[in-house]
Amino acid sequence: MSKHHQETSAPFVERLIFNNRIVVLLLFSLLTLFFGYQAAQVKPDTSFEKMIPLKHPYIANMIEHQNDLPNLGNTIRIAVAIKDGDIFSTEYMETLKRINDEVFFLPGVDRSNLRSLWTPNVRWTEVTEYGFDGGPVANRPAYLSEADLDELRENVLKSGEIGRLVANNFKSTIIDIPLQEAYPNPENQGELIQLDYGDFSRQLEEKIRTEFQGENPNIQIHIVGFAKKVGDLIDGIIKVVMFFGAALAITFVLLMIFTRCFKSSITTLICSVIAVVWQLGLLRTLGFGLDPYSILVPFLVFAIGISHGVQIINGMAIEYTGADDAQTAARRAFRALYIPGIVALISDAVGFVTLLLIEIEVIRELGIAASVGVGVIILTNLMLLPILMSYIGISRKAVERNRNLANRPQKLWLGIAKFAHPAVAPISVVLAIIAFAFGIYHGKNVAIGDLDPGAPELRADSRYNLDNQFIIENYSTSSDILVVMVKTPAERCSAYETMEAIDQLEWRMNNLDGVQSAVSLVTVAKQVIMGNNEGNLKWQTLSRNQDNLNNAISRAPSGMFNSACSLAPVMIFLDDHKAETLQRATAAVEEFAAEHNTDDMQFLLAAGNAGIEAATNVVIEASQTKMLLTVYAVVILMCLVTFRSIRAVLCIIIPLALTSVLANALMAFLGIGVKVATLPVIALGVGIGVDYGIYIYSRLETYLRQGLPLQEAYYETLKTTGKAVTFTGFTLAIGVATWIFSAIKFQADMGILLTFMFLWNMFGALWLLPALARFLIRPDKLRS
């Protein structure tokens with residue numbers, strides 16, 4: 001058949017691309033310049049609201065009443081500690097005052113609700129023979145004399161803040177800083193500026209920790225809170241760039257080993273980098289940034305690009321044996337691979353789109369970023385790469401080496417081809433059934449949510465978690481707070497019926513396993529009523545006299561009830577934020593609410609960091625199965641449309657399902673919970689893993705249609721596509737395995753899980769697919 005006839009009979013897409021190569025390359029060049037400019041402007045972008053499920057009833061309740069809940073939402077806590085001595089010294093109080101003033105003017109701080117020993121809203125109260133007396137804890141402009149410091153000590157002891165704002169050992173105090181998600185622009189009060197967590201965290205480090213610890217070695221600063229945690233994640237993830245460099249270097253070396261051709265290796269690498277540039281540029285064009293989770297997606301895009309690029313290069317090397325020139329080889333390779341390649345990539349992209357089912361914005365943006373990246377690879381690695389290779393070609397040595405390998409038996413592939421042998425296939429199937437049973441049995445132990453104290457996204461020895469440990473060890477109140485909002489009509493939060501119900505809730509929660517203590521308006525009212533009765537302990541109870549109750553709550557500190565007396569929070573301090581603790585606490589509150597809610601009084605969940613995590617866990621647990629089923633449904637549908645055979649679909653999907661089941665078991669063994677960071681791994685692993693089966697089955701079916709017996713057809717498949725699939729599996733795994741060394745623990749967890757899934761998906765496709773084909777595929781039906 002003449003070259004001209006081959007070209008005119010080629011598929012339309014092939015003719016469109018290869019007959020207009022110069023135009024296509026010019027278009028790609030212009031788009032790369034545009035997206036490169038856009039990509040250079042991508043910045044870290046995150047917010048408190050993006051990382052929580054805004055539509056969950058708990059979060060809806062919190063947002064509805066957030067103006068009535070100061071210091072219970074997005075807050076930062078700075079513990080200022082003194083190494084030698086205690087807080088009752090001129091040196092310490094002056095330093096604390098300066099830090100307080102510095103923090104006060106940081107952008108995004110809710111200044112009216114800032115709390116420390118130096119703010120007027122932190123007060124002391126005592127009962128005297130004349131009644132109640134009180135005032136601000138720090139009531140002097142400076143503490144220079146021993147008498148002043150003794151007075152300060154007395155005020156602190158009478159403030160009720162020991163264990164909260166003041167450490168139990170009097171060697172540190174806390175500055176409690178509520179934040180505003182958006183704050184007025186100082187230069188234009190009508191304009192709101194979004195809080196930049198990365199910049200805010202850097203200012204805390206530079207203006208607070210570094211400056212004050214540097215000028216006074218006796219002072220130690222500890223900072224915790226959502227904004228600081230996200231800031232530390234952003235700082236750690238910026239360092240991830242070095243992992244990208246390592247992945248580039250490792251991938252290039254592996255490409256050289258695989259192709260033995262410098263120019264095809266460097267071209268594949270460049271096309272994959274272009275895919276990353278396009279992806280970042282498109283995200284910027286669409287108005288997205290990179291948050292701590294989606295910043296990992298460019299790594300995946302690069303790795304997926306390499307995997308599909310290798311298929312093209314491998315296909316060209318095979319086609320060179322019967323081609324006259326590079327363009328013919330490129331066209332034939334494109335013709336053989338563009339359909340399975342597009343099917344695999346569309347399966348990946350649609351699989352990632354299923355992440356949009358999860359009502360947490362940060363996961364949805366990760367899904368969008370991954371889908372955009374995979375869509376770009378269709379253009380850069382399935383179209384641009386063959387066009388470039390049609391000019392560049394493969395080195396003569398690499399072609400000769402490939403011809404020599406094709407003409408002699410290859411022991412490795414002959415050995416692996418035995419998985420399709422009639423005697424070996426049943427053993428493989430039995431082993432797969434045992435592996436399924438093992439994975440399902442152990443996988444049921446996977447927990448939902450965080451399993452570690454502090455910030456599980458960071459290493460246990462990270463600065464943030466060490467700061468958090470300091471606060472846990474030196475203060476009575478936990479940093480894990482579940483807030484129940486008691487809603488009443490205006491002026492009814494102090495009614496005896498309301499107060500008595502809150503008292504019952506407090507008693508029930510104080511006796512619940514995992515709860516440290518519970519504090520509310522009732523706690524304060526009982527103390528005031530006791531004080532009004534000469535401090536007699538038997539009066540530490542609720543009065544049925546409404547005037548007494550109204551007088552009692554009038555002395556409550558800010559935040560115990562709102563200005564309309566229609567909302568009173570109950571703060572429940574938990575031992576930790578493990579999923580079982582949160583589930584136990586929220587279940588107890590919901591049970592209580594079901595018993596006591598009326599038209600005039602509702603117990604609403606939930607605010608506080610524990611309330612947010614509880615809502616997040618509920619959403620993730622509900623979404624996990626739905627997302628997994630949707631991913632598999634999409635992949636099955638794509639395979640069914642492509643191969644038009646349920647038997648073929650089973651051959652591709654069963655190895656994929658085995659990997660998912662075993663990955664669940666691995667998570668249980670390693671103590672990794674299903675949470676915001678790990679849930680997307682399920683979709684990513686399935687979406688990318690299906691590529692192996694699609695490429696192998698597509699080539700296997702071609703040889704079976706030619707009349708080859710299954711084992712021989714599989715051997716021929718391994719010599720061509722199998723070689724590329726094996727290389728791809730190891731390349732993907734090695735690329736993400738570098739994440740394991742990240743300072744960010746959730747990135748390390750993702751690295752472990754994706755490495756396992758990429759390797760097992762590859763192994764499953766090479767081992768289990770031919771065994772299943774032995775039972776499911778009928779070559780005579782294919783030939784007919």
Side-chain angles (χ1 to χ4, degrees), residues 1 3 5-19 21 258-259 261 264 267-268 271 305-347 377-390 392-394 398-399 402-403 405-406 413 638-639 641-644 648 652 690-708 712-728 765 769 782-783:
M1 186 182 293
K3 181 177 177 180
H5 181 71
Q6 286 181 8
E7 289 183 3
T8 54
S9 62
F12 171 74
V13 175
E14 180 188 327
R15 285 183 279 117
L16 179 67
I17 293 171
F18 283 90
N19 292 351
R21 289 185 296 167
F258 178 77
T259 64
C261 173
S264 60
T267 306
T268 306
C271 285
I306 290 291
S307 73
H308 289 275
V310 163
Q311 295 289 346
I312 295 292
I313 299 301
N314 186 59
M316 272 197 69
I318 294 167
E319 297 297 340
Y320 247 113
T321 56
D324 298 328
D325 53 37
Q327 183 180 350
T328 304
R331 293 183 74 131
R332 289 177 180 175
F334 175 82
R335 191 180 309 159
L337 293 169
Y338 84 96
I339 290 180
I342 288 175
V343 169
L345 287 168
I346 290 176
S347 297
I377 291 170
I378 294 176
L379 300 174
T380 59
N381 290 66
L382 291 187
M383 295 184 182
L384 176 61
L385 179 59
I387 292 174
L388 290 174
M389 291 306 298
S390 71
I392 296 169
I394 297 176
V399 173
N402 194 69
R403 283 176 180 165
L405 285 173
W413 304 128
M638 293 299 299
C639 293
V641 169
T642 304
F643 299 109
R644 300 183 182 182
I652 295 169
V690 73
D691 296 0
Y692 304 122
I694 289 174
Y695 274 118
I696 286 179
Y697 186 83
S698 178
R699 181 68 70 167
L700 177 64
E701 186 182 62
T702 300
Y703 288 120
L704 289 174
R705 288 183 185 279
Q706 293 174 8
L708 295 181
E712 187 179 341
Y714 188 50
Y715 171 64
E716 294 298 326
T717 299
L718 291 171
K719 285 171 61 180
T720 54
T721 302
K723 182 171 64 172
V725 162
T726 305
F727 172 83
T728 296
L769 189 152
L782 292 176
R783 289 193 295 274

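Positions are given from 1 along the sequence. Remember, it's a predicted structure, so these values are computed and weren't measured experimentally.
- Across all their heavy atoms, Ser698 and Phe643 have their closest contact at CA-CE2, 3.9 Å.
- Interatomic distance, Glu701 CD to Ile696 CD1, rounded to the nearest 0.5 Å: 14.0 Å.
- Of all heavy-atom pairs between Ile378 and Ile342, the closest is CG2-CG1, 4.2 Å.
- Contact record, Tyr714 with Ala765: OH-O, 4.0 Å, taken as the closest heavy-atom pair.
- Of all heavy-atom pairs spanning Pro386 and Ala330, the tightest one is O-CB, 3.5 Å.
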Could you check Asn381 against Leu345 for side-chain contact (heavy atoms from CB on, under 4.5 Å), going step by step and ending with a plain yes or no? CA-CA 11 Å; Asn381 290 66; Leu345 287 168; over 6 Å; no
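- Atom CD1 of residue Ile339 and atom CG of residue Leu382 lie 11.5 Å apart, to the nearest 0.5 angstrom.
- Within the 4.5 Å cutoff, no side-chain heavy atoms of Ile392 are placed close to those of Ser264.
- Using a 4.5 Å heavy-atom threshold, the side chains of Ile306 and Thr268 count as touching.
- Rounding to the nearest 0.5 Å gives a distance of 8.0 Å between CZ of Arg21 and CD1 of Ile387.
- Annotation for Met316 and Ile394: closest pair CB-CD1, 3.7 Å, computed over non-hydrogen atoms.
- The line from CG of Leu704 to CD of Glu716 is 11.5 Å long, rounded to the nearest 0.5 Å.
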Applying side-chain contact (heavy atoms from CB on, under 4.5 Å), run through Leu385 and Thr380 and close with a yes or a no. CA-CA 6 Å; Leu385 179 59; Thr380 59; over 6 Å; no
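- The line from CE of Met389 to SG of Cys271 is 9.5 Å long, rounded to the nearest 0.5 Å.
- With rounding to the nearest 0.5 angstrom, the OH atom of Tyr692 is 14.0 Å from the CG atom of Leu769.
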